[in-house]
Each structure stands twice: as structure tokens, then as C-alpha cells.
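To start, the structure under review is shown below, and the notes come after it.
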Amino acid sequence: MESELAKLLLFTVGGLANAAYLFIVAAGLSLVFGALRVINMAHGSLYMIAAFVTVVIANQLGAGLGFWAGLLVAVAVTGAIGAVIEVLVLRRVYGREHLVQLLGTYAVSLVVAGAVRIVFGANYRTVASPIPGNIYVGTYSYADYSLFMIAAAIVIAAGVWAMLYRTNLGRNIRAAVSDPDLLNATGVNVTRLYTTVFVIGAALAGLGGSIVAPSQAIASSIDTDVLVLAFAISVIGGLGSIVGSAVGSLIVGLVVSFGILIPATSPYSLAFVFIIMAAVLIIRPRGLFGLPEN
Amino acid sequence: MNLVPRIVRPRFWLGLVMAATMIVAACGSQPSGNQAVTFKGTKKVGYSAPLTGQSALYGHAVSQALNLAADDINAKGGVNGYKIEMDIQDDGTTVPQAVTNTKSMILQDNVVALMGSVTSAQCLAESPIAKQNKIITIDATCNSWQLTMESDVVSPYWVSIVPNTYMEGTAAGRLAASLNVSKIFIVSPKYLFGISETNAFVAALKKANPSVQIVNDPSTWYVPFPTNPRWDSTINAIQADKPDLVYSNIFAADQINFVKQALAVDPQFFVKYPMTTLVSVDELNTLGSQYPLGMHAYMRAPFFALQNNNPRLTDFITRYRAKYNGEYPSDWAVMDYDAFTLWAQAANTAKSFDADQVVKQISGHSFDSLRGYKITIRPNELQANVGETVGTTASSSTYPFPVLKDSVNLKGDDLMMPLQMVNEIKGDQCDKTAGQPNTANFALCPSWKAS
């Protein structure tokens with residue numbers, strides 16, 4: 001019995017680590033859609049740039065201090081790139097149909113992918129973990145870095161929620177979602193507010209790329225690897241809802257983790273994610289926590 | 001003092017730069033060597049490459065090797081008097097793009113030959129297109145035995161110079177059996193290659209050691225390909241099952257992610273759960289000192305294990321590194337260089353680019369290779385008797401990545417599928433469902449059962 005409980009904990013923590021990874025990536029995507037109503041196909045590109053920046057700096061300065069320095073620089077760089085994308089591309093597609101926005105941000109992602117290949121080359125890059133330890137609970141071992149990722153996801157979720165519901169900036173963002181013209185009439189510079197939101201979304205993508213970098217091979221394709229599952233999570237949880245993204249990530253992470261444990265479901269563990277997504281789209285198209293579009 | 005009016009200066013400099021560029025380009029187009037070679041024209045050889053996606057690492061290495069081979073071939077006069085130019089198109093490690101590339105290279109670019117793509121799923125889709133258009137394909141990376149034997153797939157223009165999944169799985173199975181372990185955990189990518197190679201591994205393992213137990217249910221052997229970059233579930237399952245050995249043929253980004261995440265869970269992970277796995281120089285080089293030592297690896301063409309008394313390979317390594325910023329050539333680079341030079345030699349001998357004529361000069365013939373020995377193409381299934389290298393990863397004082405200690409270069413002839421079995425598969429005698437060749441399994445062949 002103790003062994004079964006230990007196994008349950010093992011797979012639960014594995015599922016939570018997977019969920020944390022996915023949430024960290026999906027949070028910025030969801031924030032941008034929620035506030036700006038833009039489906040940002042370049043989100044994965046910003047995540048990828050941050051991962052490369054982190055790896056390069058960490059490998060130059062050493063995995064410990066270098067990683068944290070790399071994380072700060074990566075967040076700043078992706079935030080700055082986000083500002084450029086918002087000013088040059090997004091301002092021209094706000095209010096247009098989603099297809100135009102998709103194509104605009106997809107074009108950005110292609111440009112970034114090409115630029116990353118030129119700058120960083122085709123070889124995979126790796127960086128040692130800044131938190132290399134592990135702990136034992138019973139007979140099973142857990143990576144400290146996975147626990148850090150889970151904690152980071154919780155902090156990010158709480159931070160974004162607090163920003164949206166406990167700050168003036170968040171109040172303005174929510175007001176802009178409801179009625180940007182009225183907000184503008186009150187003296188708030190909505191154009192600048194949109195830029196700020198996108199910069200925060202881009203910085204969140206950067207934070208995700210930095211945090212994920214020590215746990216996997218960094219290559220010029222990690223942008224698309226993650227985008228599919230990030231969108232699945234956003235659809236399940238509800239595009240634009242941070243709480244929805246968190247719940248969606250938990251569902252996906254745990255379904256994949258426990259799916260492989262049971263032989264009968266193992267071959268379909270990843271398929272279940274998309275079955276759930278399809279079911280949500282049929283039953284509740286706006287997602288579990290999403291709000292209907294006006 | 002300004003000699004030129006300021007407004008004219010940009011044009012002057014632009015003109016100067018363009019002139020310099022043209023001079024440099026003109027110099028660069030001269031064939032290398034002491035004498036200029038005059039060509040009748042240019043012919044293209046196509047390669048649908050994973051320059052992005054899961055196997056980008058391999059596509060990068062192969063592309064570099066093919067370009068180097070093209071330079072070498074052209075320096076010796078090209079093929080049939082024509083300069084050979086590589087036509088490399090990115091497929092993102094996806095099947096649909098590989099198909100699009102293959103059609104485009106054949107129908108628009110008029111390639112005279114193709115080099116096989118990286119994954120068996122891609123090659124399975126490309127083969128009928130190449131066959132229909134009568135374009136020879138020399139395959140040095142994708143390696144499912146079905147590509148050269150299964151009657152609904154087989155093409156008379158498909159030549160394999162890579163150890164196929166039967167050969168590789170057999171080598172891995174014998175290696176695992178020699179380790180005297182009793183409990184094995186299997187993890188493999190869920191597509192033709194993984195399934196084909198894992199079947200061969202299990203068959204060879206059970207033959208050599210019938211008492212060995214595979215601890216995870218067959219339904220859990222395979223992971224989606226390409227997969228989620230997180231490997232928590234598989235790592236947890238290994239911890240839960242506590243095997244004596246993990247067998248894997250996951251590769252490229254998947255293997256790197258798996259190794260990194262397993263080591264994060266427990267730095268002693270691969271000591272507690274030793275692993276028999278497919279490896280290439282690319283994975284070793286990427287992880288460098290992070291790559292676990294003591295892994296029971298099987299490799300297709302590691303340069304460091306084939307280098308002894310092999311001046312041809314040594315020269316290749318030197319020139320490859322000089323041309324590509326000191327990079328070491330991976331197994332894929334070694335094999336694809338061989339593939340290209342083999343085709344060029346055969347086409348020159350045939351004095352033709354016609355696929356039938358070139359295949360005649362390949363089937364049953366022997367060729368020099370970077371491996372240090374001649375490889376012979378068996379006519380029955382156009383498969384080369386190339387070997388596999390097995391050994392245990394150990395740190396190296398020569399290279400910035402681990403190499404194999406006590407490595408053994410297994411002979412291809414000892415690994416190849418028995419001829420009788422090849423003929424039984426080609427004759428649809430090994431189908432799980434009669435009349436459906438895509439259900440063929442060599443373990444169902446009469447001669448395998450009898451053995």
C-alpha cells in the first residue's frame with residue numbers, strides 16, 4: 001500500500017512538473033489574448049529567443065550565477081522585442097479578424113525562426129542546471145529543478161493574477177477589455193497600455209524560455225514544439241483566462257503523466273489531451289474559464 | 001578635404017563593394033585543385049533535410065557532408081562530365097514537407113539522384129515518388145528493413161548503406177543479452193523505425209537469453225514521435241519498475257532531453273538503471289561531459305572507433321573540421337559522404353544518370369568507404385553489409401565528449417538478415433495478415449520460426 005502511495009506521489013509530481021512547464025509557457029499567451037484579443041503565434045519565438053539568450057550567457061558566466069543573469073537579460077530582451085513587435089505589427093491588426101492577426105504574428109515567428117538559425121546555428125545547445133540537486137521521498141528521487149519549476153509556475157500564476165486584480169495597471173487592462181474607448185476618454189493612454197500588456201506577455205514568454213532552458217536541448221524548433229500544447233491548454237482552460245491556463249495545464253500534465261502508467265491508456269496518453277480539447281470545444285467553446293467574446 | 005562630392009559617395013562605395021563581391025564570387029566558382037575543370041553543365045542531387053525540427057542536428061551534419069562530397073566529386077571532374085550541385089530543402093522533420101520537397105526536387109529541379117531522408121516515416125513516403133519517377137535514392141540514415149524488403153514498399157531504385165533495423169536491433173539485442181541482466185525496460189519512438197528496431201531487439205534478445213523479462217507492458221514501450229519535450233512520465237515509470245537495464249532507441253533532441261531530465265531526477269540514474277541505447281556522435285557532442293558514462297551504446301559509424309589505420313577517414317575528418325569550424329563529423333556525416341561518393345562512382349562507371357544503369361553498377365558491387373573497409377551491396381534487397389559499433393561510453397582525453405571504451409566494430413555480414421528470410425519477406429510469407437505486406441514481421445517467417 002505504501003508502495004502504491006509512493007508511486008502515486010511520483011507520478012503526481014511528474015505530472016505537476018509537466019504542468020508547470022506548460023503553464024509557464026502558456027501564461028503569457030493567455031494574458032495577451034485576454035487583454036488584447038490577439039492570438040500571438042510569435043509567442044513561441046519569444047520563448048525560444050529567451051532560451052538561447054539564457055544558454056549563451058549561462059555558458060559564458062557559469063551555470064549558477066550565469067543562469068540567473070541570463071534569465072534577467074532574456075526577460076529584458078524578449079520584453080524589448082515584444083515592444084517592437086507590438087509597435088510595428090500588432091498596432092496594425094488590432095480589431096481586425098483573427099485570421100489577419102494569426103497571419104501577422106505567424107509571419108513574425110517565421111522571421112524570428114530564420115534569424116535564430118542564422119545567429120545561433122543549427123546545433124543543439126544545453127546548459128547545466130542552476131539547481132542541480134535531488135531529494136528522496138521514500139525510494140523515489142525527485143529533481144530539485146522540477147520542484148523549482150512547480151514553485152515558479154505558482155509564483156507566476158499568483159503574480160499575474162495579482163497584477164490583473166490588485167493593481168491600477170490590471171484595473172486599466174480589464175477596463176480596456178470591456179471598453180477601450182471609454183477608458184481612453186478618462187485620460188488613460190490605451191495605445192501605451194496595449195504596448196505594456198504585450199511587453200509583459202513577451203517577458204512572460206521569455207521567463208518561460210529561461211526557466212525551461214536547463215531541462216532540455218535548445219534548438220531553433222522549440223518554438224513550435226511547445227506552441228501546440230500551449231494552445232491546447234489555452235483552449236481547454238479558456239483563452240484569456242489565467243486561472244483557466246493553470247487548470248488546463250494541470251489537466252494536460254496529469255493526463256499525460258498518469259496516462260502512461262496504465263497499459264490500456266498508455267498508447268493514447270497524448271491523444272487524450274486533444275480528445276479533451278475537442279470535447280471542451282464542443283460542449284463549452286469558450287473553454288472552462290473563458291469569457292464569451294463580445 | 002573631400003575628393004568626391006558627399007552625395008556621390010554612397011554610390012561609389014556601393015559600386016566598389018559590388019565589384020569586390022563579383023570578383024570574390026568569380027574566384028570562388030573556380031574548381032578546387034590545381035587545374036580548372038570544364039563541365040558540360042550542372043546536375044542536381046536532392047536531399048530533403050531536417051534542418052529544423054526534432055532531427056535538425058542530423059540534417060545539419062548530413063548537409064555539410066553532402067556539400068563536402070559534392071566539392072570532392074567536382075574537383076575530380078564531376079559525374080559524367082557534369083558539375084554536381086546539392087539541392088537541399090528543409091523538411092522540418094515532417095513527412096508532408098519531405099513529400100513536397102521530393103516532388104519539387106524531382107519535377108521542378110530535375111535531380112538525377114536523391115539521398116535518403118532522416119526518418120523512416122519520411123523515407124516510406126518518399127520511396128514511391130522516387131520509384132514512380134525512376135530516380136535512384138541512396139539511403140544512409142533512415143533504416144527500417146521494410147524499406148528494402150516489404151513487397152508493397154520495395155523500390156528497385158532504393159539502395160541502403162546504413163545498417164537496417166534488423167541488423168541494428170540484432171546488434172543491440174545481443175549486446176543486452178551479453179550483460180546478463182534479468183529485467184529490461186523498453187522505450188522507443190512510436191513510428192516505423194522504433195517499432196521495427198524494437199521488434200528486432202526483442203527477437204535477438206529472447207533468442208540469446210530466453211529467460212530475460214521485459215518489465216513494462218508492450219503497450220507502454222512506445223512514446224509519440226516527436227514527443228513532448230518533458231520525459232517525466234517515462235522517467236517515473238523507470239523508477240517505478242526498477243529494471244536492471246533500459247533499452248532505448250530514442251534519438252536526437254528526444255535522447256538529449258531524456259538524459260538531462262533523468263540526471264536531474266537522480267545523478268546516479270544511469271548507474272542504477274544502465275542503458276543500452278542508440279547513440280551518435282551528435283548526442284555525445286551536444287551533451288559533452290554531461291553525457292552519462294557507462295552507457296552500453298550501439299552506433300552506426302562513430303569516426304573515433306573507425307579511425308585506426310584508416311587514412312581515408314582521417315583525411316575526411318581533417319577536411320570536414322577545417323571546412324566546418326572545427327566540428328567533428330557525426331555518424332550521419334560519415335555515412336552520407338559514403339552514400340554520395342558511392343552514387344557518383346556508380347554513375348561514372350555506368351556513364352549514365354539513368355537509374356536502371358546506375359543500380360546495375362551498384363547491385364552486387366563493392367565500394368571503398370570511410371569505414372575503412374569495402375562495403376558490398378547485396379543484390380537481393382540492395383542492402384550494404386555495413387557494420388555496427390558497440391561499446392561503453394567513457395570519458396576521453398582526446399575529444400570534448402565521451403567515446404566508447406573497448407569498442408567492437410561488428411561485421412555487417414554477421415548482422416544481415418539471412419537471405420532465406422529476405423526472400424520469404426519479399427514473397428509475403430511473413431505477413432501477420434495474409435495478403436497485407438505492411439503487416440510483415442520477420443519473426444513470423446518460416447525460417448525464423450524454424451531457427
Side-chain angles (χ1 to χ4, degrees), chain A residues 3 6-7 10-11 13-18 21-22 113 117 121-126 128-129 131-134 136 139-146 212 214-222 224-226 228-229 252-253 256-271 273, chain B residues 50-57 59-61 63-64 90 92-93 190 216-224 226-237 239-240 242 252-269 272 282-283 285-290 325 327:
Chain A
S3 163
K7 199 186 279 188
L10 179 71
F11 280 83
V13 173
L16 289 176
N18 200 1
Y21 154 68
L22 294 168
R117 272 200 294 281
N123 284 335
Y124 300 150
R125 290 168 188 247
T126 62
S129 171
I131 307 172
N134 63 312
Y136 273 90
T139 54
Y140 297 129
S141 176
Y142 300 84
D144 286 353
Y145 199 77
S146 293
V212 164
S215 65
Q216 56 179 264
I218 304 305
S220 60
S221 57
I222 61 168
T224 47
D225 290 347
V226 75
V228 176
L229 279 177
V252 171
V256 170
S257 184
F258 282 98
I260 202 170
L261 183 63
I262 307 160
T265 58
S266 178
Y268 316 106
S269 60
L270 203 54
V273 173
Chain B
L51 298 177
T52 55
Q54 193 270 353
S55 299
L57 199 55
H60 169 74
S63 300
Q64 291 189 160
D90 181 22
T93 328
K190 190 178 185 179
N216 55 330
D217 189 274
S219 65
T220 68
W221 291 358
Y222 301 105
V223 292
T227 191
N228 179 356
R230 293 292 307 179
W231 283 84
D232 306 271
S233 313
T234 303
I235 292 165
N236 292 343
Q239 287 196 91
K242 294 183 172 54
D254 289 340
Q255 182 173 131
I256 293 163
N257 291 338
F258 173 75
V259 166
K260 276 186 76 73
Q261 289 161 30
L263 288 175
V265 165
D266 187 347
Q268 298 297 307
F269 190 90
K272 290 178 181 168
D282 280 332
E283 286 88 3
N285 196 20
T286 298
L287 283 170
S289 60
Q290 295 177 62
N325 303 317
E327 282 183 36

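Here is the naming used below: chain letters follow the sequence lines, and residue numbers restart at 1 for every chain.
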Task: Nearest heavy atoms of G53(B) and S221(A), plus distance in Å - done: N-CB, 3.3 Å
Task: Main-chain N/O of S215(A) paired to Q261(B) side chain as donor or acceptor, under 3.5 Å - done: yes
- [ ] Start with the C-alpha distance between T286(B) and T126(A), add both sets of side-chain angles, then the distance that settles side-chain contact (heavy atoms from CB on, under 4.5 Å), and finish with yes or no.
- [x] CA-CA 7 Å; T286(B) 298; T126(A) 62; 3.9 Å; yes
Open item on the list: Is Q239(B) close to chain A through its backbone or its side chain, or both, or neither, when contacts mean heavy atoms under 4.5 Å?
Closed with: both
- [ ] Give the minimum heavy-atom separation between L51(B) and R117(A), together with the two atoms involved.
- [x] O-CD, 4.2 Å
Open item on the list: Checking Y136(A) against D266(B): is there a side-chain donor and acceptor pair closer than 3.5 Å?
Closed with: yes
Open item on the list: Does any backbone or side-chain atom of L10(A) lie under 4.5 Å from a heavy atom of chain B? Answer side chain, backbone, both or neither.
Closed with: both
- [ ] Among K190(B), H60(B), E327(B), single out the residue with the greatest number of heavy-atom pairs under 4.5 Å to chain A.
- [x] H60(B)
- [ ] Name the option with the most non-hydrogen atom pairs under 4.5 Å to chain A; the candidates are A56(B), P218(B), A237(B).
- [x] A237(B)
Task: Part of S63(B) within contact of chain A (heavy atom distance under 4.5 Å) - done: neither
Task: chain B contact via S257(A) - side chain, backbone, both or neither, heavy atoms under 4.5 Å - done: both
Task: Choice from D232(B), T52(B), N216(B) maximising heavy atom contacts with chain A below 4.5 Å - done: D232(B)
Task: Residue part contacting chain A, namely of D217(B), when any heavy atom lies under 4.5 Å - done: side chain
Open item on the list: Heavy-atom cut-off 4.5 Å, strictly under: side chain, backbone, both or neither for A61(B) against chain A?
Closed with: neither
Task: V265(B) backbone acceptor or donor facing S141(A) side chain under 3.5 Å - done: yes
Task: Residue part contacting chain A, namely of I256(B), when any heavy atom lies under 4.5 Å - done: side chain
Open item on the list: For Y21(A) versus P229(B), what's the shortest heavy-atom pair and its separation?
Closed with: OH-CG, 3.4 Å
Task: Structural part of Y145(A) lying under 4.5 Å from a heavy atom of chain B - done: neither
Open item on the list: Between K260(B) (side chain only) and P214(A) (backbone N and O only), is there a donor and an acceptor less than 3.5 Å apart?
Closed with: yes
Task: Considering all heavy atoms, the nearest A128(A)-Q290(B) contact - done: N-NE2, 4.3 Å
TODO: Write down the atom of F11(A), the atom of A240(B), and the distance for their closest heavy-atom approach.
DONE: CE1-CB, 4.2 Å
